[in-house]
Amino acid sequence: MTTPRLRFAPSPTGYLHVGGARTALFNWLYARRHGGQFLLRVEDTDKARSTDESTRAIFEGLEWLGLMWDEPVVYQGANVERHRADAERLLASGHAYRCFCTAADLDFRRKVAEANEGAFKYDRRCDQLDRDEVARRVAAGEPSVVRFRVPEGNTGWTDLVHDSISFPNKDIEDFVILRSDGTPIYNMAVTSDDIAMHITLVMRGDDHISNTPKQIMLYEALGAPMPQFAHLPMIHGSDGKKLSKRHGATAVADWQHEGILPQAMVNFLALLGWSPGGEFDEVMSIDELIAKFDAAGLRKTAAVFDTKKLEWMNGQHLVRMALDELAPLARRKIAAAGLATESDLEQRGAWFNTLLELLRVRARTVDDIVRQAKPFLVASVEYDEHAAAKAWKDAADARALLVAVRDTLAGVAWEATALETALKALAETRGIGAGKLFGPMRVALTGEANSPGMFDVLVVLGRDLTLARLAAAIVDLDRRTGVT
RNA sequence: GGCGGUAUCGUCUAGGGGACUAGGACGCGGCCCUCUCAAGGCUGUAACACGGGUUCGAAUCCCGUUACCGCUACCA
């Protein structure tokens with residue numbers, strides 16, 4: 001068996017959608033798993049809708065996910081000459097014929113048919129024309145399209161995900177392959193390109209199932225070797241409808257901006273419509289996915305995009321990834337949020353890594369880390385009123401506690417076990433559990449109700465910042481006591 | 001309308017005639033751990049669309065119904 005060649009063939013009419021990303025991923029995974037090639041073909045022949053900007057968005061999305069293609073990008077628009085030549089070959093070999101029916105006429109006949117019998121199918125009237133008449137009308141400059149003459153019988157194939165699918169040819173009309181202006185129609189262009197690119201497995205969305213018999217007939221008429229086909233199910237939104245902008249973030253770039261990691265996105269997408277089977281750990285690296293990927297695990301049913309699970313998946317990858325890989329991402333986001341500069345964080349590398357280690361376990365996205373990192377980066381904190389209302393309920397009491405904490409901490413070596421010993425001793429002399437100390441301290445030091453463990457907070461914050469924040473809290477509590 | 005595709009917990013799925021009192025994961029609830037929040041551990045909730053067959057035996061095979069999705073262009 002020759003090595004498989006697959007392609008992802010998006011039309012550049014928007015951003016890279018998660019559905020398209022998954023199609024690309026499965027193609028890529030299959031190629032990697034079987035030592036084949038993964039190619040990218042931009043289907044830009046719809047000049048009205050294609051833009052360079054969306055072509056770039058597709059490249060960026062694929063690059064971000066790590067789905068690199070193995071050969072130079074193929075632009076479909078550059079191959080119209082070959083498409084046309086293939087269509088004309090079909091005309092010459094008698095597999096296709098000229099049709100002089102105008103679009104307006106066809107439109108009218110279609111409307112009439114729909115009003116009466118329902119379905120409209122081209123009646124092949126131009127196939128009755130004799131050769132001389134066709135030649136005369138062409139010579140006279142009358143515009144015509146080229147239609148493929150669909151043969152009798154059935155057209156079917158063994159789909160890698162659906163097993164066997166077949167269509168009675170009588171339900172397929174003699175479809176146009178060349179427009180009157182000489183440009184190719186989609187099915188012609190795709191088939192011509194897939195043949196030229198030596199694609200052995202056409203893996204795409206199942207919205208292409210009804211195009212497949214037409215393409216198969218084209219392969220046969222052109223005498224080209226038949227590839228295999230695999231039709232992947234769609235991805236739906238939480239309401240079961242096809243995923244669209246209404247459902248929120250549907251572009252992979254949206255998730256990138258929300259702090260989702262590419263490896264988490266890949267992992268999540270891989271499990272939408274595919275399963276390695278049996279029991280397995282759902283959190284997998286890209287290499288594990290490649291090793292396990294198998295067309296037999298492809299599902300037939302549409303899947304709902306569950307953002308909750310994506311976020312959980314991201315949290316898992318956040319904890320498992322190398323700190324050296326996470327640090328630059330976090331630095332960039334923190335800098336973008338204006339909390340520190342990248343170079344400053346880089347200089348405090350060891351300290352920053354300690355902080356990340358503390359935060360990533362309680363974060364689901366990189367953006368969560370940025371939010372949680374704030375108290376450790378800014379000069380002074382603002383108090384979350386909910387947190388203050390609870391932990392500083394009795395302002396005078398909280399003040400007294402914080403004064404004692406400040407006095408104790410001021411004379412202690414800044415090291416976790418020493419700090420712990422000192423604070424536990426303080427709690428004991430005051431006849432309270434150490435936990436009673438931490439609530440008020442947490443608000444004073446971070447402004448929040450939640451944070452990493454108290455001793456970790458103290459160490460990461462450092463002596464000076466800690467004492468300054470305690471002093472600031474005491475002042476604030478004075479104000480609160482006065483008001484009450 | 002015609003043609004095609006699909007149908008297991010709310011969601012992602014395992015399952016491919018008996019191992020199914022249908023398993024796992026997310027979510028949700030409870031408990032444990034615990035200075036808070038997470039993480040982690042344990043645990044609970046919850047599904048084979050419906051109706052006929054085939055078979056000693058169907059979630060698994062066949063047919064029909066229903067629902068949903070896709071296609072039905074001189075779009076891609």
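Numbers restart at 1 for each chain; the letters A, B, ... are given by sequence-line order, proteins then strands. Just so you know, these numbers come straight off a predicted model, no measurement behind them.
Salt bridge present: A/D123 and A/R109 bring a charged side-chain N and a carboxylate O closer than 4.0 Å. Between A/K111 and A/D107, at least one side-chain N (NZ, or NE/NH1/NH2) sits under 4.0 Å from a carboxylate O, which counts as a salt bridge. Between A/E420 and A/K424 a salt bridge is recorded (basic side-chain N to carboxylate O distance below 4.0 Å). Ion pairing between A/D206 and A/K300 fails under the 4.0 Å rule for side-chain N and carboxylate O.
Considering only the side chain of A/E282, B/G24 comes nearest among B/G24, B/C3, B/A76. Closest to the side chain of A/R110, out of B/C35, B/C26, B/C74, is B/C74. Relative to the side chain of A/F167, the nucleotides B/G4, B/U11, B/G24 differ in distance, and B/G4 lies closest. Nearest to the side chain of A/L106, among B/C74, B/U11, B/A76, sits B/C74. The side chain of A/H236 lies closest to B/C69, out of B/G4, B/A25, B/C69. Considering only side-chain atoms of A/T301, the nucleotide from B/G40, B/C26, B/U6 that sits closest is B/U6. Nearest to the side chain of A/V304, among B/U11, B/C74, B/U13, sits B/U11. Proximity note for A/S11 (side chain, C-beta onward) versus B/A73, B/G5, B/A76: the nearest is B/A76. If you check B/A76, B/G4, B/A38 against the side chain of A/V361, the one that comes closest is B/A38. Across B/A25, B/C35, B/A76, the shortest atom-to-atom separation from the side chain of A/R442 is found for B/C35.
Judged by closest nucleotide on RNA chain B, A/A302 is the one of A/F438 and A/A302 placed further toward the 5' end. Both A/S166 and A/K214 lie close to RNA chain B; mapped to their nearest nucleotides by heavy-atom distance, the more 5′-ward contact belongs to A/S166.
A/A303 comes within 4.0 angstrom of sugar-phosphate atoms only, judged by non-hydrogen atoms across all strands, and of no base. Across all strands, A/R49 comes closer than 4.0 Å to base atoms (heavy-atom distances). As judged by a 4.0 angstrom heavy-atom cut-off over every strand, A/T183 is placed among residues making no nucleic acid contact. Across all strands shown, A/V145 has heavy atoms under 4.0 Å from base atoms, whether or not it also approaches the sugar-phosphate. Residue-level contact check: A/G205 touches neither bases nor backbone, having no heavy atom under 4.0 Å from any strand. Across all strands, A/P143 comes closer than 4.0 Å to no nucleic acid atom at all (heavy-atom distances). Residue A/G453 is classed as a base contact, given a heavy-atom separation below 4.0 Å to a base. Using a 4.0 Å heavy-atom cutoff across all strands shown, A/E357 reaches no nucleic acid atom at all.
Straight-line distance between the P atoms of B/A47 and B/G23: roughly 11 Å, to the nearest whole Å. Between B/C48 and B/U8, the distance separating the two P atoms is 10 Å to the nearest Å. A gap of 25 Å separates the P atoms of B/G51 and B/U45, to the nearest Å. Nucleotides B/G29 and B/U65 are separated by 38 Å at their C1' atoms, to the nearest Å. Here the separation of B/A14 from B/C50, taken at their C1' atoms, is 24 Å to the nearest Å. Taking the C1' atoms as reference points, B/G16 lies 16 Å from B/C62, given to the whole Å.
Atom CZ of A/R320 is separated from atom C1' of B/A39 by 12 Å (rounded to the nearest Å). Atom NZ in A/K390 sits about 8 Å away from atom C1' in B/U36, given to the nearest Å. Between the CD atom of A/E311 and the P atom of B/A38 there is a distance of 15 Å, given to the nearest Å. If you take NE2 of A/H386 and P of B/U36, they are 19 Å apart, rounded to a whole angstrom. As a whole-Å value, the separation of A/F305 CZ from B/G27 P is 15 Å. Atom P of nucleotide B/C12 and atom CG of A/L289 are separated by 19 Å, given to the nearest angstrom. Residue A/H162 contributes atom NE2, which lies 19 Å from atom P of B/C3 at whole-angstrom precision. In this structure, the CG atom of A/D171 is 9 Å from the C1' atom of B/G4, given to the nearest Å.
Taking a pair to require two hydrogen-bonding distances under 3.5 Å in either a Watson-Crick or a G-U wobble arrangement, B/G16 remains unpaired. Pairing for B/C35 is absent, with no Watson-Crick or G-U wobble pair whose two atom distances lie under 3.5 Å. Pair assignment for B/C68 gives B/G5, based on Watson-Crick or G-U wobble hydrogen-bonding distances that are each under 3.5 Å. B/C28 is paired with B/G44 under the criterion used here, namely a Watson-Crick or G-U wobble arrangement in which both key atom distances are under 3.5 Å. Figure legend. B/A59 is base-paired to no nucleotide; pairs are counted as Watson-Crick or G-U wobble with both atom distances under 3.5 Å.
Of the N and O atoms on the side chains of A/T212 and A/H231, at least one donor lies less than 3.5 Å from an acceptor on the other residue. There is a side-chain donor-acceptor pair under 3.5 Å between A/Y97 and A/D174.
Remark: A/S164 pairs with no residue by the side chain to side chain donor-acceptor pair (under 3.5 Å) rule, at least two apart or across chains.
At B/G40, none of the side-chain N or O atoms of A/R362 fall inside 4.0 Å of OP1 or OP2 (strictly under the cut-off). Between B/A39 and A/Q372, no contact under 4.0 Å exists linking OP1 or OP2 to a side-chain N or O.
Residue-to-nucleotide contacts include no donor-acceptor pair under 3.5 Å from the side chain of A/E114 to the base of B/G1. For a distance-only test at 3.5 Å, the side chain of A/N211 qualifies as a donor-acceptor partner of the base of B/A76. Between the side chain of A/R299 and the base of B/C12, no donor-acceptor pair under 3.5 Å is found. One cannot find a donor-acceptor pair under 3.5 Å joining the base of B/C37 and the side-chain atoms of A/S451.
Between A/F100 and A/R137, some side-chain heavy-atom pair lies under the 4.5 Å cut-off.
Within the 3.5 Å criterion, the main-chain N or O of A/A57 finds no donor-acceptor partner in the side chain of A/S54.
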